[in-house]
Each structure stands twice: as structure tokens, then as C-alpha cells.
Amino acid sequence: MEKHRKIAVVGSINTDMVVLSERIPLKGETVYGSDITYTPGGKGANQAAAMAKLGAEVEMFGCVGNDGNGRNMLENLKKNGVGTEHIGILDGIPTGLAIITVGEQDNTIVIIAGANGRVDKRYVDGIKERLKTYDMVVLQHEIPLDTVHYVIEFCSENGIPVILNPAPAAKVPMEIVDKVTCLTPNEHEAGLIFGNDIPTERLLEKYPEKLVVTQGSKGVSTCLKTGEVLTVPARKSQVVDTTGAGDTLNGAFALRFACGDSIHDALRYANTAAGLSVEKFGAQSGMPSAEEVERALVSC
Ligand code: RIB
């Protein structure tokens, strides 16, 4: 029987302000948008929601402002079954905001950190005992980087597996790379961390079953412990909105990996979940259930 896994996410919580446009404006250009929507987002909250929708027991750690957006984001997490008990509600600073333009089957995102920028070492000191009760911790780069590294050091000292999704792109010190269980950059983020002079295949071979590189519509690659480089192709999807697809992939991968799936099976599952998520609008509203993923896996 499959093991039950408890997963913690330490990361960002945003309100996404999404503008639908026929195309993404060029530098200096003005274009018309057809609609504007406010939806739940933030890479941390998205990954937590993805896992909860797939049936995991998940708790979200982070901060929101003491404002309407913060209250809505907490409500949404609860509605998705994500634990919110330790989320800080801060006075005098707004909830994180992402300004997203969706068009041409792609997007651009500008984030305003707000309360996410206050997820500091002091906050982490207050949740350390709680973190020790989790089987895995999942992190991204939308809270201060020194906090991300502090959590990783703590998890490493306490034998807690960590998945780091280094998005948005920022350098990761090699001693931190050594301490994570899996690192899941896209090609651009991998270039920033490891340099652009080494081809992706060679890089994957250096970190078997630890480095997972996502390549958008091309799929996702890793190197198996046997030395074979494995690419799981992306699912063919009717794309409506790609926002949150990477978060769905990371959440689904973290969950299946924590449950003991082989890296191949976990990536196949995660890719299918991400492929389903792009067929609906919104970072979280398109995230599939476990049944939907299972059905899609059978039919492909
Ligand atoms: O990965 C997508 C997310 O990035 C959006 O939900 C937005 O909030 C930004 O954090």
C-alpha cells in the first residue's frame, strides 16, 4: 500500500492580477486587454494547492498582509485543503501581488513581494519544530533567498528531504545545491546556476536523479542513476493559460517522489498533471485531481 506523506511548502502567496490580451506587448508598446481577473497565485501557494488537489496532506508556511487579498488567499488555501495555521498575517504591508499578461499561449509576470518579503529567519525559527514533523519540504525563490537557504540548512541538519524549484531565476550556492534532494530549474534557471557553457545533458549526468530540468513544451529531463538521460515528453494540450503549469509540475512531482515513485514515474505523472493544468484559465483553477491525472495517464 502507498505510504501517506505529509509535505510542507515554505514560500510565496500572491494575488494574481491577470490581464487577457491578444498578444504580449513589446517593450514600449501599448496593446488592448480584453479582460482582467484577480485569482489566487504565488509559486509557493500554487505548489501547495497542486499537491492538495492531488490528495496530499500539505501545510503552507509564509506570510500575507492583513488585508482583503490576504484573507481571500487564506480562504482559498483552506478551501483546497491546505493547512494555513502557521501563515503570518502582517500589519502595514500588503499581500504579494503578481501582474500577469496572458496571450499567445504564454505569459509575462511582474511580482511585487509585499508580505512574502517578510518571510525571514525569525519566522522560520518559529516554525522549526513544526517543520520537523514533515516528510518533505518544498521551496521556491519568491521569498528572500537567505531564508530559502536557511530552511535548506535546517532540513539538511534534520534529515528532511527538500525539493527546491529555483524560480524566479537566481543563483544557488553549490553548498546549497549539495544539500537539496532535488533541484528543478528550467533551462534558463539552470544556466544561471551552473553556467551556460555546459550542455544540459552533461549537466544532468553530473547530478543523477537530483537535477530535473523542465523544458516547457519539450518536456522534462533528468539523468537516471544508470547514467541514461531520460526525457519525458510534454503532454499534447489545448493551451488556454500556461500560468502555474510549472507549479503543477513541481507539486505533482514532489508528491509522487515523496510517495516513493521512481523518478521516471513521478515525472510522467507530473508532466501529465501540468499538461492538464494549461487547458483551463488561472494558476490554480486548472490544476487537476488525482483521478483526472490517472485517467489521462491511461489514455496516453
Ligand atoms: O508560477 C506562476 C506564479 O508566479 C503566479 O501565480 C504568480 O503569482 C507568480 O508568483
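Residue indices begin at 1 and follow the sequence shown. When reading the values below, keep in mind they use all heavy atoms of this one structure, side chains included, and skip hydrogens, waters and symmetry mates. For ligands, and for the atoms within them, numbers begin at 1 and follow the listed sequence.
When ring centroids are compared, Y269 and F257 stay outside the 6.0 Å threshold.
Residues I163 and F253 are in side-chain contact: their nearest non-hydrogen atoms beyond the backbone lie under 4.5 Å apart. Side chains of V19 and D35 form no contact here, defined as non-hydrogen atoms less than 4.5 Å apart.
The CG atom of D146 lies 5.0 Å from the NZ atom of K121; values are rounded to the nearest 0.5 Å.
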Enumerate, atom names and distances included, each donor-acceptor pair closer than 3.5 Å involving a side-chain atom of residues 78-89, sequence neighbours excluded.
residue: N80; atom: ND2; partner: N76; partner atom: O; Å: 3.2
residue: N80; atom: ND2; partner: N76; partner atom: OD1; Å: 3.4
residue: H86; atom: ND1; partner: E59; partner atom: OE2; Å: 2.7

Check ligand 1 against the protein and report each N/O to N/O distance under 3.5 Å, formatted as atom name, atom name, distance.
residue: ligand 1; atom: 1 (O); partner: K43; partner atom: NZ; Å: 2.9
residue: ligand 1; atom: 1 (O); partner: D247; partner atom: OD2; Å: 2.7
residue: ligand 1; atom: 4 (O); partner: K43; partner atom: NZ; Å: 3.1
residue: ligand 1; atom: 6 (O); partner: D16; partner atom: OD1; Å: 3.3
residue: ligand 1; atom: 6 (O); partner: D16; partner atom: OD2; Å: 2.6
residue: ligand 1; atom: 6 (O); partner: G42; partner atom: N; Å: 3.2
residue: ligand 1; atom: 6 (O); partner: N46; partner atom: ND2; Å: 2.9
residue: ligand 1; atom: 8 (O); partner: N14; partner atom: ND2; Å: 3.0
residue: ligand 1; atom: 8 (O); partner: D16; partner atom: OD1; Å: 2.5
residue: ligand 1; atom: 8 (O); partner: G42; partner atom: N; Å: 2.8
residue: ligand 1; atom: 10 (O); partner: N14; partner atom: ND2; Å: 3.1
residue: ligand 1; atom: 10 (O); partner: E142; partner atom: OE1; Å: 2.9
residue: ligand 1; atom: 10 (O); partner: E142; partner atom: OE2; Å: 2.6

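A donor-acceptor contact under 3.5 angstrom links the side chains of D125 and Y150, judged on distance only.
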